Q: 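Structure below; questions to follow.
Bear in mind the structure is a predicted one, so any value in this text is a computation, not a measurement. Heavy-atom basis, side chains included; hydrogens, waters and symmetry copies ignored.
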Amino acid sequence: MRYAGEKKFNLWTVLTLLLLACFLLFVIYPIGMLIVKSLFTGESLDLSYFVKFFSKKYYWSALINSFQVTVISTLVSCLIGVPMAYLLRSIKIPGSELLNILIVISYLSPPFIGAYAWIQLLGRNGFLTRIINSLLGIQFRGIYGFAGIILVFSLQSFPLIYMYVSGAMKNLDNSLNEAAESLGCNAFQRVTKIVFPLVMPSLLAGMLLVFMRVFSDFGTPMIMGEGYRTLPQMIYTQFMGEVGTNDGFAATMCIIVIIIALMFFFIQKLLGRRFTYSMTALKPMEAHKAAGWRKVCAYLTVYLVTFVAALPQLTVVVTSFIGTINGSLFTGEFTLDNYRSIFSKGNLMAIKNTYLFGLEAIAIVVVCGILISYLSVRKRSALTGILDVLTMFPYIIPGSVLGISFIYAFNGAPFFLGGTALVMIISLSIRRMPYTIRSSTAIIGQISPSIEEASISLGASQVKTFLKVTVPMMLPGVLAGAIMSWITLISELSSSVILHNSGTKTLTVAIYSEVIRSNFGTAAAYSTILTLTSIISLLIFFKVSGGKDVSV
């Protein structure tokens, strides 16, 4: 949108060039360094790393394992998340607001915390394992390997499907359901023929995020895998291992992951366009009271799934108050020793860093998100089009790959940012910015340009109109999105565990380190602090947004 007398090269052009330069520096340049590391030895082209990967079963079998885990976890997440969204949207369930919070919290915690909690419950010496073995007289050896990984990923990923599908159902016109019912369609036919096709675009978007979350996670397979290797786990050990590391080979595996992620991103976009429907919710879907067997089945399903999904969090909170011997063997006695060990030994750095880095990153995300969305919608040009495309790259690139690319790009001359707080903040900002940009773009699309035109016609400059009119109108929605970004940001592990040093450790890195060292009591205390922070942030989100649930 160009106003009369507006110059081609103005403040908005300068801002576009500056933001474009930032994304070129912190997204394209690190990826370029990965490509150079993987394809070149000295100054000559060398494909030996790719040949090594695809010629040895030890390596490509990890890729197949990753596909198996990812595809099955995504499908199971859909089988749980879609019915949960439909039941909570269509049937009045007592305590639905609390159930919604518990479902969202189970997603917002890092997957490896779920892995740690399920080991406490169903590991070889887990609480539930001992009960099962005692009651049934068997020797259940715990959930490890493929089955355990699927369990953890599915239970922690289905809330994402739930949020996307629930959001789509909120905008579904219920008159279509009523019309189908009047034509003789039963409940099952209405769901499969009406509801499911209409929510398909949102479902595909949620499936892509689940796919990327599962495919890029290395913490859960490392904790629960016991020999079941996945590609992200192999990348992490190849890059971070104490023995036999190979930077070039790790970069090659990162490039393979990026190619696969891009492939699935474009497949999702293609399918999303094919199944897109235009719909106006003149009569929104409302929850109604159920009766008979339908009521019993709905209540049992919703309460049971929510309880199982929240069980790891409850386990972590309870075990944080149980004493340990040498950090790993729980005594069964309730105590505050785990918290004393955090607060009395000066172990507060991880907590301080989490809040400090998170707040600084969110400030960057909000400012850049508002500017980029405004430029993309109101100041469309070739430059803003390129900027809009570049902002999607961090959405596609797994966190561990971004962390490794940052190491290659910024650990040496001329930047020397390795291990600094600045590189941690930049990484967190880049990782979460696409989500805020998309939500801000949707918000500004709902603001009529005539409001800004009226301000300018009354003598205000474009910059003043942007700051005094557009930004205040965007702010409530942007702040709500920023709070959700904050919750996911403080749970970030994959890039932080690669980029941190002893002085920039965050809560998730501290939890992961304690779990790896078998200091389960301290890990549980750290996890409880993280969970409490997420719950408080979620309640603030409800207050700011004025809603009672989280939907995408």
Q: Tell me every residue that passes ring-ring contact (aromatic ring centres under 6.0 Å, His included) with Phe53, counting only those two or more places apart in sequence or in another chain.
A: none
Q: Looking only at the side chains, is there a donor atom on one of Glu514 and Thr522 sitting less than 3.5 Å from an acceptor on the other?
A: no
Q: Is there a side-chain contact between Cys368 and Leu19 in this structure, where contact means two heavy atoms from C-beta onward sitting under 4.5 Å apart?
A: yes
Q: Assess the side chains of Ser494 and Glu492: does a donor N or O sit below 3.5 Å from an acceptor N or O?
A: yes
Q: Do Tyr107 and Phe158 have ring centres separated by under 6.0 Å?
A: no
Q: Looking at Thr354 and Ala350, what are the two nearest heavy atoms and their distance?
A: OG1-O, 2.7 Å
Q: Between Phe67 and Phe211, does a side chain to side chain contact (heavy atoms under 4.5 Å, CB included) hold up when you go through it step by step?
A: CA-CA 9 Å; Phe67 271 118; Phe211 184 95; 4.2 Å; yes
Q: To the nearest 0.5 Å, what is the distance between CD1 on Ile529 and CD1 on Ile351?
A: 3.5 Å
Q: State, yes or no, whether a side-chain contact exists between Phe393 and Ile430 at a heavy-atom distance under 4.5 Å.
A: no
Q: Which word best sums up how the rings of Tyr339 and Phe343 line up, parallel for under 30°, tilted for 30 to 60°, or perpendicular for over 60°?
A: parallel
Q: What closest approach, in Å, do Val515 and Ala523 show between heavy atoms, and which atom pair accounts for it?
A: CG2-CB, 3.7 Å
Q: Test your reading of the model: is there a side-chain donor-acceptor pair from Glu333 to the backbone of Ile322, 3.5 Å cut-off?
A: no
Q: State, yes or no, whether a side-chain contact exists between Thr335 and Arg340 at a heavy-atom distance under 4.5 Å.
A: yes
Q: Between Phe146 and Val69, is there a side-chain heavy-atom distance shorter than 4.5 Å?
A: yes
Q: Examine distances only and state if a side-chain atom of Ser73 and a backbone atom of Thr70 form a donor-acceptor pair shorter than 3.5 Å.
A: no
Q: Using atom types as modelled and distance alone, determine if a side-chain donor or acceptor of Asn65 lies under 3.5 Å from a backbone N or O of Arg229.
A: yes
Q: Run the numbers on Trp118 and Leu155 for side chain to side chain contact (heavy atoms under 4.5 Å, CB included), then give the verdict.
A: CA-CA 11 Å; Trp118 280 109; Leu155 288 176; 3.5 Å; yes
Q: Classify the ring geometry of Phe410 against Phe26: parallel below 30°, tilted from 30° to 60°, perpendicular beyond 60°.
A: tilted
Q: Would you say that Val509 contacts Ser513 through its side chain, given a criterion of any heavy-atom pair below 4.5 Å between the two side chains?
A: yes
Q: Apply the test side-chain hydrogen bond (donor to acceptor under 3.5 Å, both in side chains) to residues Asn501 and Thr504: give CA-CA distance (whole Å), side-chain angles for both, the deciding distance (0.1 Å), then the verdict.
A: CA-CA 5 Å; Asn501 63 17; Thr504 56; 3.0 Å; yes
Q: Checking side chain to side chain contact (heavy atoms under 4.5 Å, CB included) for the pair Leu390/Val27: CA distance, chi angles, key distance, verdict?
A: CA-CA 8 Å; Leu390 288 181; Val27 178; 5.8 Å; no
Q: Looking at every heavy atom in both Val316 and Ala117, which two are closest together, and how far apart are they?
A: CG2-CB, 4.0 Å
Q: Do Asp217 and Thr220 have side-chain N/O donor and acceptor atoms under 3.5 Å apart?
A: yes
Q: Looking only at the aromatic ring of each residue, does the gap between the centers of Phe215 and Phe264 stay below 6.0 angstrom?
A: no
Q: Got Val76 and Phe153 here, is their nearest side-chain heavy-atom distance under 4.5 Å?
A: no
Q: Looking only at non-hydrogen atoms, find the nearest pair between Ser66 and Thr230 and report the distance.
A: OG-CB, 3.3 Å
Q: Can you pull the salt bridge (charged side-chain N to carboxylate O under 4.0 Å, His left out) pairs that have at least one residue in residues 354-365, sequence neighbours excluded?
A: none
Q: Minimum heavy-atom separation for Tyr49 and Ser38, please, with both atom names.
A: CD1-O, 3.6 Å
Q: Find the distance between CE (Met349) and CG (Leu507) and round it off to the nearest 0.5 Å.
A: 13.0 Å
Q: Any donor and acceptor pair, going by atom type alone, linking the side chain of Ser427 with main-chain N or O of Val423 inside 3.5 Å?
A: no
Q: How long is the gap from CE on Met234 to CG on Leu231, to the nearest 0.5 Å?
A: 7.0 Å
Q: Measure across Pro221 and Gln233 and return the closest heavy-atom pair with its distance rounded to 0.1 Å.
A: CB-OE1, 3.5 Å
Q: Between Ser495 and Phe406, does a side chain to side chain contact (heavy atoms under 4.5 Å, CB included) hold up when you go through it step by step?
A: CA-CA 9 Å; Ser495 60; Phe406 269 42; over 6 Å; no
Q: Any side-chain heavy atom of Ser534 sitting closer than 4.5 Å to one from Ile490?
A: yes
Q: Less than 4.5 Å apart, side chain to side chain, heavy atoms only: is that true for Ile255 and Phe50?
A: yes
Q: For the pair Ser157 (side chain) and Ser154 (backbone), establish whether a donor and an acceptor sit closer than 3.5 Å, ignoring hydrogens and angles.
A: no
Q: So does Leu402 get a backbone contact from the side chain of Ser405, meaning a donor-acceptor N/O pair under 3.5 Å?
A: yes
